[in-house]
Number of protein chains: 2
Amino acid sequence: MTSIHDVARAAGVSPATVSRALRGMDRVSPQTRSKVLAAAQELSYVASPSATSLVSGKTSVVGVVVPFLNRWFFSSVLDGTEQLLRQHGYHLLLFNVGRGSARTLMLDQRLLWKRVDALLVLSADLEPEEVALLAALHVPLVAVDVDLPGWDRVGIDDRHAAELATEHLLDLGHRRIAYVGGNPEEDVHLATALDREAGVVAALSRRGLELDSACRVRGDWTVRGGRDAGERLLSLRQPPTAVVAASDEMAIGVLCAARERGRIVPRDLSVVGIDDHDLAFTHDLTTVAQPVHEQGRLAAQLLLDALAETGPHQRQVRNLPVELVVRGSTAPVCS
Amino acid sequence: MTSIHDVARAAGVSPATVSRALRGMDRVSPQTRSKVLAAAQELSYVASPSATSLVSGKTSVVGVVVPFLNRWFFSSVLDGTEQLLRQHGYHLLLFNVGRGSARTLMLDQRLLWKRVDALLVLSADLEPEEVALLAALHVPLVAVDVDLPGWDRVGIDDRHAAELATEHLLDLGHRRIAYVGGNPEEDVHLATALDREAGVVAALSRRGLELDSACRVRGDWTVRGGRDAGERLLSLRQPPTAVVAASDEMAIGVLCAARERGRIVPRDLSVVGIDDHDLAFTHDLTTVAQPVHEQGRLAAQLLLDALAETGPHQRQVRNLPVELVVRGSTAPVCS
DNA sequence: TTGAAAGCGCTACCAA
DNA sequence: TTGGTAGCGCTTTCAA
């Protein structure tokens with residue numbers, strides 16, 4: 001409970017001087033500063049963040065809005081973010097909102113108002129009122145892997161990633177290619193799902209092929225969802241010879257479905273994912289790798305830039321490079 | 001920037017009355033209250049958290065200390081924690097400290113002081129000064145899967161979990177059983193690694209067996225580490241017929257090593273993990289499941305209890321039940 | 001039931 | 001270079 005007055009008394013100066021000395025401002029004599037530092041150290045004084053914020057209007061807190069904490073992509077991005085923001089003196093306040101039918105937390109003004117200096121949004125599926133709220137907060141905001149019109153964005157070119165995956169299969173001679181995407185009902189606003197699908201369609205059409213509607217199935221972005229999707233695909237009268245999954249989790253699900261049906265990968269079915277999940281290599285999964293950690297770092301950097309800016313903000317959109325990683329889950333089509 | 005004064009003016013009452021009305025305190029007439037509520041609504045007024053905290057000394061923030069964000073166990077526990085704390089009006093402030101040689105953040109008073117009302121610690125490997133700091137903060141604290149003497153603990157009986165895993169293998173006739181644990185150098189303080197090892201040793205010794213020192217290898221708690229460990233074990237002149245890994249990630253790594261060496265699991269090698277990781281079933285991994293999400297919830301509940309307490313605190317230690325989940329990675333020993 | 005005023009702990013302005 | 005003072009926005013006595 002030691003306050004600035006205690007330090008002032010101990011150092012024999014005024015609270016104002018303690019404040020200046022401790023924050024490294026000029027117009028404090030070296031002797032005074034060291035006296036103050038010593039006293040503060042002695043009393044293990046730390047300024048109350050509430051009091052400081054009340055005066056400065058700054059909280060040193062960045063809010064992070066995520067749909068899930070326990071899915072690889074999100075936790076990895078966050079991991080990349082944390083370090084950089086910490087180094088610059090910011091704390092991370094978590095808003096784990098859920099997604100679609102698992103939406104558990106609605107952002108509202110009471111949660112955010114005067115609580116954060118900036119926001120990092122990893123979540124799609126925000127309601128229009130929530131987006132309006134974000135604007136009303138008047139704080140810098142960076143969206144990762146989501147489009148929030150008007151705000152900075154860090155991500156990858158989703159369409160291109162899917163094209164890479166699809167072209168790899170086409171180059172191997174596959175012609176009947178399926179796409180396992182998100183959940184169309186829950187993901188209506190999720191550009192990621194749509195863009196990746198568009199990439200598949202584009203790559204196919206360049207070879208004069210189409211994405212058969214039976215070969216376009218949802219996967220919920222989970223392993224279980226991917227397995228169900230794979231199940232559906234493999235039970236078609238004319239099953240695909242290859243699958244592009246919008247995420248590695250779903251791709252792994254498809255692998256499970258294939259295994260359960262006794263299909264040998266890649267002999268009977270080629271599978272390619274997108275992400276390069278930590279565990280992708282354990283399934284020898286061919287995938288399009290995206291720099292997840294780096295996206296977190298870059299988002300943090302953009303936030304820091306915006307926080308440091310004085311003038312008007314120039315919108316930033318940064319897509320990081322992706323790369324096809326060929327492993328053992330894809331092979332030339334059996335003729 | 002609307003403050004309590006604006007609301008007071010709009011409602012034609014004093015700030016004090018607004019404060020009482022908005023917080024649902026008694027001694028406010030119904031008419032006045034509704035006038036105030038209407039005015040607050042109209043101006044979309046939200047009280048400044050800094051100002052409120054400054055007066056009350058409460059922040060409505062719980063700090064969570066984790067060693068990693070992007071590892072399944074930690075992100076899943078956190079996911080369980082978040083919801084419950086939110087429901088009770090608490091925010092989560094993240095402290096992603098790292099572990100061992102990847103230690104990136106040292107807890108210090110400036111980080112925590114007056115910033116959190118309580119702490120959830122998922123991290124081992126805190127330095128003695130950090131533990132002393134935690135005590136000096138005088139806030140409720142619950143440790144998950146870690147022993148912090150004197151503080152509440154939520155976890156599992158690690159020793160028992162390892163015993164279950166080992167007994168399963170013994171029951172299948174295995175006699176040469178290996179243990180893949182953490183990194184002994186980095187995990188000196190990590191009771192989890194030691195307790196699980198003790199469980200293996202205990203189960204073995206009940207059958208008159210010992211844990212051969214060559215069969216006791218480190219795994220870093222990662223898939224890669226597990227793979228290296230598996231590699232080491234399989235290259236022994238007398239390799240084990242079965243492996244207990246202290247985590248599913250490491251167990252999966254062992255499976256990879258086996259596959260790379262052309263060993264068929266479970267014919268040539270049985271592998272059992274601990275956790276029941278989300279992806280464990282994709283590798284058909286036999287494992288000892290622990291209720292991770294539930295640990296997060298329970299920890300949150302204990303924190304809420306402690307926060308609500310007025311009298312002295314009674315230390316709580318809660319171990320949740322574990323359960324052997326038999327899948328396809330274990331089989332009777334080949335004779 | 002309501003309001004005036006003091007004060008939470010700090011920073012910033014203006015004098016000295 | 002330093003200190004007094006006036007807030008920051010709210011809550012909480014104490015009076016009315």
Side-chain angles (χ1 to χ4, degrees), chain A residues 1-40 43-61 89 109-110 112-117 137-138, chain B residues 1-40 43-61 89 109-110 112-117 137-138:
Chain A
M1 301 304 132
T2 125
S3 85
I4 199 170
H5 288 96
D6 302 320
V7 180
R9 202 175 312 121
V13 296
S14 74
T17 302
V18 173
S19 177
R20 276 177 299 223
L22 255 28
R23 286 177 304 143
M25 308 190 71
D26 50 5
R27 303 189 157 214
V28 175
S29 79
Q31 308 91 298
T32 306
R33 187 186 304 279
S34 60
K35 259 195 312 187
V36 171
L37 256 44
L43 299 170
S44 52
Y45 167 75
V46 173
S48 150
S50 309
T52 305
S53 299
L54 186 54
V55 177
S56 68
K58 297 297 168 202
T59 59
S60 295
V61 171
Q109 180 146 318
R110 298 187 326 222
L112 296 168
W113 183 245
K114 295 267 182 191
R115 218 175 251 294
V116 298
D117 288 348
L137 291 172
H138 297 297
Chain B
M1 300 304 135
T2 128
S3 86
I4 200 170
H5 287 95
D6 303 318
V7 180
R9 203 175 312 120
V13 296
S14 74
T17 303
V18 173
S19 175
R20 278 178 297 228
L22 255 28
R23 284 177 306 142
M25 307 190 71
D26 52 4
R27 304 190 158 215
V28 176
S29 79
Q31 309 90 295
T32 307
R33 188 186 304 278
S34 59
K35 260 194 312 186
V36 170
L37 255 43
L43 298 170
S44 53
Y45 167 74
V46 173
S48 151
S50 308
T52 305
S53 299
L54 185 55
V55 177
S56 69
K58 298 296 169 201
T59 60
S60 295
V61 171
Q109 181 146 321
R110 300 190 321 222
L112 295 168
W113 182 245
K114 295 269 184 188
R115 221 176 248 293
V116 298
D117 289 347
L137 291 173
H138 297 297

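Reckoned from all heavy atoms, side chains included, excluding hydrogens, waters and symmetry mates. Below, chains carry the letters A, B, ... as their sequence lines are ordered, and counting in each starts from 1. Just so it is clear, the structure is predicted and the values come from calculations on it, not from any experiment.
Closest to the side chain of B:Arg27, out of C:dT1, D:dT11, C:dT11, is C:dT1. Side-chain atoms of A:Ser48 lie closest to C:dC10 of the nucleotides C:dC10, C:dT2, D:dT12. The side chain of B:Leu54 approaches D:dG9 more closely than any other nucleotide in the set C:dT1, C:dC10, D:dG9. Closest contact between the side chain of A:Val55 and the listed nucleotides D:dG7, C:dC13, D:dC10 involves D:dG7. Closest contact between the side chain of B:Ile4 and the listed nucleotides C:dT1, C:dC10, D:dT11 involves D:dT11. Of the candidates D:dT11, D:dC8, D:dT1, the closest approach to any side-chain atom of A:Thr32 belongs to D:dT1.
B:Arg33 places no side-chain N or O within 3.5 Å of a backbone atom of B:Asp26 that could act as its donor or acceptor partner. Here the side chain of B:Arg110 pairs no donor or acceptor atom with the backbone of A:Ala47 at under 3.5 angstrom. With A:Gln109 contributing its side chain and B:Val46 its backbone, the two residues share no donor-acceptor pair below 3.5 Å.
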Just do the side chain to side chain contact (heavy atoms under 4.5 Å, CB included) check on B:Asp117 and B:Val61 with the steps written out, would you?
CA-CA 6 Å; B:Asp117 289 347; B:Val61 171; 5.9 Å; no
Would A:Arg9 and A:Asp6 satisfy side chain to side chain contact (heavy atoms under 4.5 Å, CB included), going step by step from the backbone distance to the final call?
CA-CA 5 Å; A:Arg9 202 175 312 121; A:Asp6 302 320; 3.5 Å; yes
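The distance between atom CZ of B:Arg115 and atom P of C:dG9, rounded to the nearest whole Å, is 16 Å. Remark: C1' of D:dT12 and NZ of B:Lys58 are 16 Å apart, rounded to the nearest angstrom. Straight-line distance from the NZ atom of A:Lys114 to the C1' atom of D:dG9: 9 Å, rounded to whole Å. Straight-line distance from the CZ atom of A:Arg33 to the C1' atom of D:dT2: 13 Å, rounded to whole Å. Remark: P of D:dT1 and CD of A:Gln31 are 10 Å apart, rounded to the nearest angstrom.
For the pair A:Tyr45 and B:Arg20, nearest-nucleotide mapping onto DNA chain C gives the more 5' position to B:Arg20.
Close to D:dT12, at under 4.0 Å from its OP1 or OP2, lies a side-chain N or O of B:Arg23. Distances shown here put a side-chain N or O of B:Ser29 below 4.0 Å from the OP1 or OP2 atom of C:dT2.
Taking both residues in full, the closest heavy atoms of B:Thr59 and B:Ser53 are given as CA-OG, 3.7 Å, listed atom of the first, atom of the second, then distance.
For DNA chain C, the residues of residues 5-19 of chain A within the heavy-atom distance limit of 4.0 Å (strictly under) are A:Ala16, A:Ser19, sorted by number.
Considering OG1 of A:Thr52 and NZ of B:Lys114, their distance stands at 11.5 Å, rounded to 0.5 Å.
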